[in-house]
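Remarks on the structure that follows.
Each residue takes its place number in the sequence, starting with 1. The figures that follow rest on heavy atoms only: side chains count, while hydrogens, waters and symmetry mates do not.
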Amino acid sequence: MAHRFPEFSTKRLFFRRLHPKDAEDVYRLFSDPYTMMFDGGAIMGNTFEADDFIRQYRLYQPFPSAIRWAITDLDTDAFYGTGGFHKIDWSANKAEIGGELLRKHWQKGIGKEALRGLLNAGFHQLRLNRITAMMIKDNIAAQALLKYAPLTKEGTLQEWERWGERYVDLDIFRILKREWEEIHQ
């Protein structure tokens, strides 16, 4: 993996490092209760939290435990959302994928293109062998997106996370590099 922040693009999207100028958009994204309802429910309270979020992901060094990109319009740099990998295990070449889009950009094919771009970068730029995604069963749209990519559901982790005062089950999905390569020959 390169020692500089890996940026890349797809047909319509550019995946770049988060910038301080993204704070308002990051705050708008993570303060939307509807968007965050399926992501643990934690709501960003102010732009200072957005600044901290950006600072955390701007610090980049070789072999990070997490990497997150701003997902933007390739031509205009309009902010669509964020996405990336966390729980990266470089010795096993595996990571968990995740991301969010501003609600005004839902149902436009951006999620599909972003997911495929992230998977491609995960397998080719980061040289991962296994990528997993975990989500609550109620997130039907995201589960459909994962199946489209296509990731395979491996099972359900009972009471895997605590969201506020309740424990939630998470479905786990995966795709292996060899499966990705078979699809994209």
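With hydrogens and angles disregarded, a donor-acceptor distance shorter than 3.5 Å links the side chain of R162 to the backbone of G164. In this structure, T10 contributes its side chain and L13 its backbone to a donor-acceptor pair below 3.5 Å. Looking only at distances, no side-chain donor or acceptor of D25 sits under 3.5 Å from a matching main-chain atom of R28. With K108 contributing its side chain and K104 its backbone, the two residues share a donor-acceptor pair below 3.5 Å. No side-chain donor-acceptor contact under 3.5 Å links T156 to the backbone of Q158. E113 places a side-chain N or O within donor-acceptor distance of the main-chain N or O of K11, the cut-off being under 3.5 Å. One N or O on the side chain of D22 and one on the backbone of H19 form a donor-acceptor pair closer than 3.5 Å. Remark: the backbone N or O of G84 is not paired with any side-chain donor or acceptor of W69 at under 3.5 angstrom. Looking only at distances, a side-chain donor or acceptor of W90 sits under 3.5 Å from a matching main-chain atom of P64. No side-chain donor-acceptor contact under 3.5 Å links W180 to the backbone of L119.
One distance of note links CZ of R166 with CD of E161; it measures 11.0 Å at 0.5 Å rounding. Taking CD1 of I175 as the reference point, atom CG of L151 lies at 5.0 Å (rounded to 0.5 Å). A distance of 9.0 Å separates NE2 of H124 from NE2 of H184, quoted to the nearest 0.5 Å. The line from CE of M36 to OG of S31 is 9.5 Å long, rounded to the nearest 0.5 Å. Once rounded to the nearest 0.5 Å, the distance linking CD1 of I97 with CG of L115 reads 5.0 Å. In this structure, the separation between CD1 on I110 and OH on Y80 is 4.5 Å, given to the nearest 0.5 Å.
Looking at R130 and K177, their side chains never come closer than 4.5 Å, going by heavy atoms from C-beta outward. You'll find the side chain of R17 stays beyond 4.5 Å of the side chain of R68, heavy atoms only. Looking at heavy atoms from C-beta onward, D73 lies out of side-chain contact with F79 at the 4.5 angstrom threshold. The closest side-chain heavy-atom distance from T82 to Y57 is not below 4.5 Å. You'll find the side chain of R174 reaches within 4.5 Å of the side chain of E179, heavy atoms only. With contacts defined as side-chain heavy-atom distances shorter than 4.5 Å, the pair E7/F14 qualifies. Side chains of W160 and I172 form no contact here, defined as non-hydrogen atoms less than 4.5 Å apart. Inter-residue side-chain proximity for W106 and T35 is flagged as met; some heavy-atom pair is nearer than 4.5 Å.
Shown here is I140, whose CD1 atom has no more than 12 heavy atoms of other residues, nucleotides or ligands within 6.0 Å. Other residues, nucleotides and ligands place no more than 12 heavy atoms under 6.0 Å from the NZ atom of K112.
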Checklist entry - How far apart are the C-alpha atoms of M134 and L157, what are their side-chain angles, what is the distance that settles it, and do they pass the side-chain contact (heavy atoms from CB on, under 4.5 Å) test? => result CA-CA 9 Å; M134 296 171 55; L157 301 167; 3.4 Å; yes
Checklist entry - Is there a salt bridge (charged side-chain N to carboxylate O under 4.0 Å, His left out) between D32 and R103 once you walk through the steps? => result CA-CA 8 Å; D32 180 349; R103 197 173 351 158; 2.8 Å; yes
Checklist entry - Going through the distances and angles, do I67 and L126 end up as a side-chain contact (heavy atoms from CB on, under 4.5 Å)? => result CA-CA 10 Å; I67 182 170; L126 304 182; 4.3 Å; yes
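In this structure, F48 is not a member of the same hydrophobic cluster as I43, with clusters built from ILVMFWY side-chain heavy atoms closer than 4.5 Å. When hydrophobic clusters are built by joining Ile, Leu, Val, Met, Phe, Trp and Tyr residues whose side-chain heavy atoms come closer than 4.5 Å, directly or via intermediates, L59 is not grouped with F85. A single hydrophobic cluster is not seen to contain both L118 and L74; linkage of ILVMFWY side chains at heavy-atom distances under 4.5 Å, directly or through other members, places them apart.
Nearest heavy atoms, G83 versus I71: N-CD1, 3.7 Å. When all heavy atoms of R16 and F5 are compared, the pair lying nearest together is C-CE2, 3.8 Å. The two residues G122 and I131 come nearest to each other via the heavy atoms CA-CD1, 4.2 Å. G111 approaches L101 most closely through the heavy-atom pair N-CD1, 3.6 Å. Taking all atoms of both residues into account, the shortest heavy-atom contact from D89 to A92 is OD1-N, 3.0 Å. Heavy-atom minimum distance, W163 versus M37: CZ3-O, 3.6 Å.
Taking 4.0 Å as the cut-off between side-chain N and carboxylate O, K21 and E24 do not count as a salt-bridged pair. In this structure, D75 does not pair ionically with R12, as no charged nitrogen and carboxylate oxygen lie closer than 4.0 Å.
Relative orientation of the F30 and F53 rings is tilted, given thresholds of 30° and 60° on the angle between their planes. In this structure, F8 and F15 have parallel ring planes: the angle between them is below the 30° cut-off, well short of the 60° mark.
Looking at residues two or more places apart in sequence or on another chain, you find a side-chain contact (heavy atoms from CB on, under 4.5 Å) between R178 and L176.
Looking at E96 and T132, their side chains never bring a donor and an acceptor atom within 3.5 Å of each other.
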Quick one: side chains of residues 142-150, donor-acceptor pairs under 3.5 Å with protein atoms, not counting sequence neighbours, listed by atom name and distance.
| unit_1 | atom_1 | unit_2 | atom_2 | d |
| --- | --- | --- | --- | --- |
| Q143 | NE2 | I136 | O | 3.4 |
| Q143 | NE2 | D171 | OD2 | 3.0 |

